[in-house]
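Note sheet for the following structure.
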Amino acid sequence: MSSGYGGRGPDVVWGVQPQVGSGSIPKKFALVAGLAYVVGGVIGFFFTGFTNFTENTGVSLFGIFHLTPFHNIVHLGVGALWLLAAFTLTNAATEGLNLAIGGVYVLAAVLGFLGYLTFLGVMPRYDADFFLHLITGVVTLLFAGIIPWPDNSRHAY
């Protein structure tokens, strides 16, 4: 007899699960990436403070990654989304979130290379930020279920 939930059971609603299982590789990636981005966002505020929200003031991390408070908030938000996925979403929903975040980061890199992000204080040049965004986007897309993982847990709900 079908439960009416597509075989997923009544404990999964809109891709959110109440308990965390062992986790798939995409969920483990979301955990590591989420922690890295939250830590990076917090560290960024030590360099930028909370003024000049989107102005390019020349503040940079390691001398190559330009920072603004807005950039730090974006990193905190993306990191929080990844952590949400790692701890509460199903494997399929985590793959979907990885696909969305990866796509946005690839788009941000392309727009940056083309010079369309100056309104956010990002200068149009071949900046290290654009390469980092491109690498982040491509790696995240790889963890979005595009490639099959050997543990076959990506289909577990």
Side-chain angles (χ1 to χ4, degrees), residues 14-17 20 22-156:
W14 293 96
V16 177
Q17 60 189 9
V20 179
S22 61
S24 63
I25 292 176
K27 286 178 76 85
K28 290 175 184 174
F29 170 78
L31 175 64
V32 171
L35 288 172
Y37 268 72
V38 167
V39 168
V42 170
I43 289 173
F45 281 114
F46 288 106
F47 290 89
T48 64
F50 295 93
T51 59
N52 301 320
F53 200 66
T54 60
E55 292 180 36
N56 184 1
T57 59
V59 175
S60 61
L61 181 64
F62 306 123
I64 55 174
F65 299 113
H66 297 284
L67 296 174
T68 65
F70 178 76
H71 204 172
N72 298 333
I73 289 172
V74 168
H75 285 166
L76 287 172
V78 170
L81 284 173
W82 263 322
L83 291 175
L84 173 77
F87 291 114
T88 64
L89 297 183
T90 62
N91 294 335
T94 301
E95 288 176 356
L97 184 70
N98 284 344
L99 181 67
I101 291 173
V104 167
Y105 268 98
V106 169
L107 178 63
V110 170
L111 291 175
F113 285 131
L114 296 175
Y116 291 115
L117 297 179
T118 56
F119 70 98
L120 295 175
V122 179
M123 294 293 98
R125 58 178 176 214
Y126 291 102
D127 194 76
D129 286 326
F130 305 143
F131 290 104
L132 180 63
H133 291 154
L134 183 61
I135 291 167
T136 299
V138 169
V139 169
T140 302
L141 288 173
L142 293 176
F143 287 95
I146 293 173
I147 57 175
W149 295 104
D151 68 356
N152 203 24
S153 64
R154 58 176 256 167
H155 296 292

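As the structure is a computational prediction, the values presented were derived from the model and not from experiment. This chain uses plain numbering: 1 for the first residue, then up along the sequence.
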| query | Which is it for F29 and L142 under the side chain to side chain contact (heavy atoms under 4.5 Å, CB included) test, yes or no, and what are the steps along the way? | reply | CA-CA 10 Å; F29 170 78; L142 293 176; over 6 Å; no
Inset, instruction - Start with the C-alpha distance between N98 and L141, add both sets of side-chain angles, then the distance that settles side chain to side chain contact (heavy atoms under 4.5 Å, CB included), and finish with yes or no. - result: CA-CA 6 Å; N98 284 344; L141 288 173; over 6 Å; no
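Contact check for F130 versus V110: no side-chain heavy atoms found under the 4.5 Å cut-off. At least one side-chain heavy atom of H71 sits under 4.5 Å from a side-chain heavy atom of T68. Looking at Y37 and T136, their side chains come closer than 4.5 Å, going by heavy atoms from C-beta outward.
Rounding to the nearest 0.5 angstrom, the gap separating the CG atom in L97 from the OG1 atom in T90 is 11.0 Å. The distance from atom CG of L111 to atom CZ of F113, rounded to the nearest 0.5 Å, is 11.0 Å. To the nearest 0.5 angstrom, L89 atom CG is 11.5 Å from E95 atom CD. Separation of atoms OG1 (T48) and CD1 (I73) is listed at 8.5 Å; rounding is to 0.5 Å.
Considering all non-hydrogen atoms of both residues, T94 and A30 come closest at CG2-CB, 4.1 Å. Minimum heavy-atom separation, I101 to W82: CG2-CZ2, 3.4 Å. Heavy-atom minimum distance, G44 versus L67: CA-CD1, 4.0 Å. In plain terms, the two heavy atoms of L83 and L35 that are nearest each other are CD2-N, 3.9 Å. The shortest non-hydrogen separation linking K27 to N91 is CD-OD1, 2.7 Å.
Ring pair F70/F50: centre-to-centre distance not below 6.0 Å.
Between Y105 and H133, the angle of the ring planes lies from 30° to 60°, which puts this pair in the tilted group.
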